[in-house]
Amino acid sequence: MASVIKYMEFLCTASPIKKIIREKKWQYRYQQTLENEVLDAATVEEDSWETKKKTAEKNFENLSVTDKFIHLATYYGEDGILNLQHTKLPKRFNKYLKKMKDEAGIDVKPLVTLEERDMLVEISNCKNTSELETLLSTWYSKKNLSSNCKYIRFALSASVELWSTKALVNKTQGEDWYRLHVYSNVWDKAFLDDEELETKRSECVSQGYEDFKGS
């Protein structure tokens with residue numbers, strides 16, 4: 001851009017045109033100056049951030065467990081949130097993490113076991129109903145499955161049965177039908193082994209709502 005303006009100024013002799021070209025040159029220089037200032041400011045801010053992080057990490061070992069988590073969340077978290085299951089921390093922090101979690105009472109457990117994950121992957125690999133039925137036959141021949149694995153097996157079996165009747169594609173089915181055949185029969189059974197949860201539907205929900213309104 002600058003070279004084009006330079007040669008145009010050399011070729012053009014009319015005063016109005018020269019004036020326009022001089023203004024364009026000034027605008028271009030001003031724009032470049034602004035861009036350079038923004039880049040310089042961003043570099044300084046990044047350098048300052050890195051300096052603060054390195055300075056803080058020199059004393060990391062002596063920080064309280066709360067301040068250690070704050071440090072990790074600030075410099076390695078996402079928007080100040082530290083996800084211990086997904087955030088990849090530098091290996092130098094590994095020697096601190098177990099003690100930090102124990103002191104803070106944090107028991108991080110995977111959402112699914114490897115056995116449960118394998119079952120879900122096997123379902124995703126099936127291409128049709130026939131393959132799902134074959135998979136179910138294999139699963140029902142297994143013994144000593146965990147309660148969650150048994151639920152995955154049951155939920156798949158119930159889903160295949162529902163799908164084979166073509167009732168799920170019937171647009172006239174109302175909420176009561178889904179409550180009876182899907183919500184209560186399939187979904188609610190996921191919580192049968194959880195002593196802290198109890199599912200209630202229909203009249204129980206209605207009665208609870210009426211009690212809430214009256215209180």
N/O donor-acceptor pair under 3.5 Å between [X] side chain and [Y] backbone:
X: Lys142; Y: Thr138; result: no
X: Glu133; Y: Ser130; result: no
X: Asn128; Y: Glu131; result: yes
X: Ser184; Y: Leu180; result: no
X: Ser159; Y: Ala155; result: yes

Rounded distance (nearest 0.5 Å) linking atom [atom1] of [X] with atom [atom2] of [Y]:
X: Ser64; Y: Glu103; atom1: OG; atom2: CD; result: 9.0 Å
X: Phe69; Y: Leu63; atom1: CZ; atom2: CG; result: 12.0 Å
X: Ser157; Y: Leu132; atom1: OG; atom2: CG; result: 10.5 Å
X: Phe154; Y: Cys149; atom1: CZ; atom2: SG; result: 15.5 Å

(message) So if I apply the side chain to side chain contact (heavy atoms under 4.5 Å, CB included) rule between Tyr151 and each of Leu156, Leu145, Val186, which one comes out positive?
(response)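 The residue from Leu156, Leu145, Val186 that satisfies side chain to side chain contact (heavy atoms under 4.5 Å, CB included) with Tyr151 turns out to be Val186.
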(request) List the atom of Glu57, the atom of Phe93, and the distance in Å for their closest heavy-atom pair. (result)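 Where Glu57 meets Phe93 most closely, the heavy atoms are OE2-CZ, 3.5 Å.
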(request) Considering non-hydrogen atoms only, spot the tightest contact between Ser146 and Glu116 and give its length. (result)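 Minimum heavy-atom separation between Ser146 and Glu116: OG-OE2, 4.1 Å.
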Can you give each donor-acceptor pair under 3.5 Å made by side-chain atoms of residues 118-127, sequence neighbours left out, with the distance rounded to 0.1 Å?
{"from": "Glu122", "atom 1": "OE1", "to": "Trp139", "atom 2": "NE1", "distance (Å)": "3.0"}
{"from": "Ser124", "atom 1": "OG", "to": "Val121", "atom 2": "O", "distance (Å)": "2.6"}
{"from": "Asn125", "atom 1": "ND2", "to": "Val121", "atom 2": "O", "distance (Å)": "3.3"}
{"from": "Lys127", "atom 1": "NZ", "to": "Asn125", "atom 2": "O", "distance (Å)": "3.1"}

(request) Begin with the C-alpha distance, continue with both residues' side-chain angles, and end with the deciding distance and a verdict on side chain to side chain contact (heavy atoms under 4.5 Å, CB included) for His71 and Lys68. (result) CA-CA 5 Å; His71 175 87; Lys68 284 177 181 176; 5.7 Å; no
(message) Are Leu97 and Phe60 linked, directly or through intermediate hydrophobic residues, by side-chain heavy-atom contacts shorter than 4.5 Å (ILVMFWY only)?
(response)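 Yes, Phe60 connects to Leu97 through the hydrophobic network.
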(request) State plainly whether one hydrophobic cluster holds both Ile152 and Val112, where clusters connect Ile, Leu, Val, Met, Phe, Trp and Tyr through side-chain heavy atoms under 4.5 angstrom apart. (result)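 Per the 4.5 Å side-chain linkage, Ile152 and Val112 are not co-clustered.
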(message) Around atom CD of Glu78, are there more than 12 heavy atoms from other residues, nucleotides or ligands closer than 6.0 Å?
(response)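 No, not enclosed.
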(request) Tell me, please, which residues at least two apart from Thr134 pass side chain to side chain contact (heavy atoms under 4.5 Å, CB included). (result)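 Thr134 satisfies side chain to side chain contact (heavy atoms under 4.5 Å, CB included) with no other residue.
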(request) For Leu168, check side chain to side chain contact (heavy atoms under 4.5 Å, CB included) against everything at least two apart and list the hits. (result)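 Side chain to side chain contact (heavy atoms under 4.5 Å, CB included) list for Leu168, sorted by chain: Leu162, Trp163, Trp177, Tyr178, Val182.
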(message) Quick test of your reading of the model: are Arg179 and Asp176 salt-bridged, counting only N-O distances below 4.0 Å?
(response)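 Salt bridge: yes.
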(message) Test side chain to side chain contact (heavy atoms under 4.5 Å, CB included) on Leu72 and Met100; report intermediate values, then the result.
(response) CA-CA 11 Å; Leu72 295 179; Met100 288 168 59; 3.8 Å; yes
(message) Under a plain distance cut-off of 3.5 Å, with no hydrogens placed, do Thr172 and Asn170 share a side-chain donor-acceptor pair?
(response)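 On atom types as modelled, these side chains qualify, holding a pair under 3.5 Å.
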